[in-house]
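The structure appears below as structure tokens.
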Amino acid sequence: MQQTKEIYLEHEKIGFPKISEQDQADMLIWHNPEIINKLTPGFNAEFIPPEVAKKYISISKETFREYFKVSGYIERLNENHKVFPKEDSQWVEKNGASGYKLKVQERGGIVHIEFFDTYEELIDYFVISKFKTFSR
């Protein structure tokens, strides 16, 4: 498997060019290496190291939040859990009239449940988490 340093050096060679806000948001949400691979023909990263992502992310948290809201990320988490209910995963369930709970499953058992009073709080949780991990 490729090493983080090898991927970083390849992108350092091209100067970490600016990428679109949509690509930045997709990088934060989906971690799809194709976003950076299209910048380096002949070199294909197998993953996006946080050190590399941080060089490409300049989108504001507020703008990222708007992209995240329409990304379908939460819906995909739920769908993946329905298809593979015994695999390590996380998903969101309604909790009462307006609340939500995020469940995290590892090794076949629930290891964490996070409660949110509103959908907006749930969105903020994911936005802050992803933004903190992969932005400057």
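We use all heavy atoms of the structure for the numbers below, so side chains are in, but hydrogens, waters and symmetry mates are not.
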| How close do Gln22 and Tyr67 get, heavy atom to heavy atom, and via which atoms? | OE1-CE2, 3.1 Å
| Listed by chain and number, what are the side chain to side chain contact (heavy atoms under 4.5 Å, CB included) partners of Ser98, not counting sequence neighbours? | none
| remark: In short, Ile35 meets Leu39 closest at the heavy-atom pair O-CG, 4.1 Å
| request: Kindly work out whether a path of hydrophobic side-chain contacts (I/L/V/M/F/W/Y, heavy atoms less than 4.5 Å apart) joins Ile110 to Phe115. | output: yes
| For the residue pair Ser58 and Gln24, what are the closest heavy atoms and their distance? | N-OE1, 2.6 Å
| query | What's the spacing between Leu122 CG and Asp117 CG if we round to 0.5 Å? | reply | 11.5 Å
| query | Taking atom CG of Asn95 and atom CD of Glu114, what is their separation to the nearest 0.5 Å? | reply | 12.0 Å
| Value rounded to 0.5 Å, distance of CG in Asn44 from CD in Glu34 | 6.0 Å
| message | Using 0.5 Å steps for rounding, measure from the CD1 atom of Ile7 to the OG1 atom of Thr40. | response | 9.5 Å
| note | Taken to the nearest 0.5 Å, the spacing of Lys13 NZ from Glu10 CD works out to 4.0 Å
| Spatial distance of atom CD1 (Ile123) from atom OG (Ser71) [nearest 0.5 Å] | 7.5 Å
| query | Judged by atom type as modelled, is there a donor-acceptor pair below 3.5 Å linking the side chain of Lys94 to the main-chain atoms of Ala97? | reply | yes
| said: I'd like to check Pro33 versus Glu46 (side-chain heavy atoms, cut-off strictly below 4.5 Å). Are they in contact? | reply: no
| query | Hey, are the side chains of Phe47 and Pro49 touching, using non-hydrogen atoms and a 4.5 Å cut-off? | reply | yes
| query | What residues, two or more places apart in sequence or in another chain, satisfy side chain to side chain contact (heavy atoms under 4.5 Å, CB included) together with Asn78? | reply | Ile74, Trp91, Val92
| Are Ile14 and Phe43 connected in a single hydrophobic cluster, I mean Ile/Leu/Val/Met/Phe/Trp/Tyr linked by side-chain heavy atoms less than 4.5 Å apart? | yes
| said: Any non-hydrogen side-chain atom of Asn37 less than 4.5 Å from a side-chain atom of Asn32? | reply: no
| message | Counting C-beta onward and ignoring hydrogens, is there a side-chain heavy-atom pair between Ile19 and Ile36 closer than 4.5 Å? | response | no
| request: List the steps and the verdict of side chain to side chain contact (heavy atoms under 4.5 Å, CB included) for Arg76 and Trp30. | output: CA-CA 11 Å; Arg76 189 174 295 178; Trp30 307 113; 3.5 Å; yes
Got a list of side-chain donor-acceptor pairs under 3.5 Å for residues 124-131, not counting sequence neighbours?
from, atom 1, to, atom 2, distance (Å)
Asp124, OD1, Arg65, NE, 2.6
Asp124, OD1, Arg65, NH2, 3.0
Lys130, NZ, Tyr73, OH, 3.4

| said: How close do Glu51 and Lys55 get, counting heavy atoms only, and between which atoms? | reply: O-CG, 3.6 Å
| Which is it for Lys61 and Lys132 under the side chain to side chain contact (heavy atoms under 4.5 Å, CB included) test, yes or no, and what are the steps along the way? | CA-CA 9 Å; Lys61 191 185 300 183; Lys132 184 167 71 171; over 6 Å; no
| query | Does the side chain of Glu12 come within less than 4.5 Å of Lys5's, by heavy atoms? | reply | no
Just list the side-chain donor-acceptor pairs under 3.5 Å for residues 99-108, sequence neighbours left out, or say none.
from, atom 1, to, atom 2, distance (Å)
Lys103, NZ, Glu93, OE1, 3.2
Gln105, NE2, Pro85, O, 2.7
Gln105, NE2, Glu87, O, 2.8

| request: Identify, with sequence neighbours excluded, every residue that meets side-chain hydrogen bond (donor to acceptor under 3.5 Å, both in side chains) alongside Ser89. | output: His81
| said: Tell me every residue that passes ring-ring contact (aromatic ring centres under 6.0 Å, His included) with Phe16, counting only those two or more places apart in sequence or in another chain. | reply: Tyr8, Tyr56
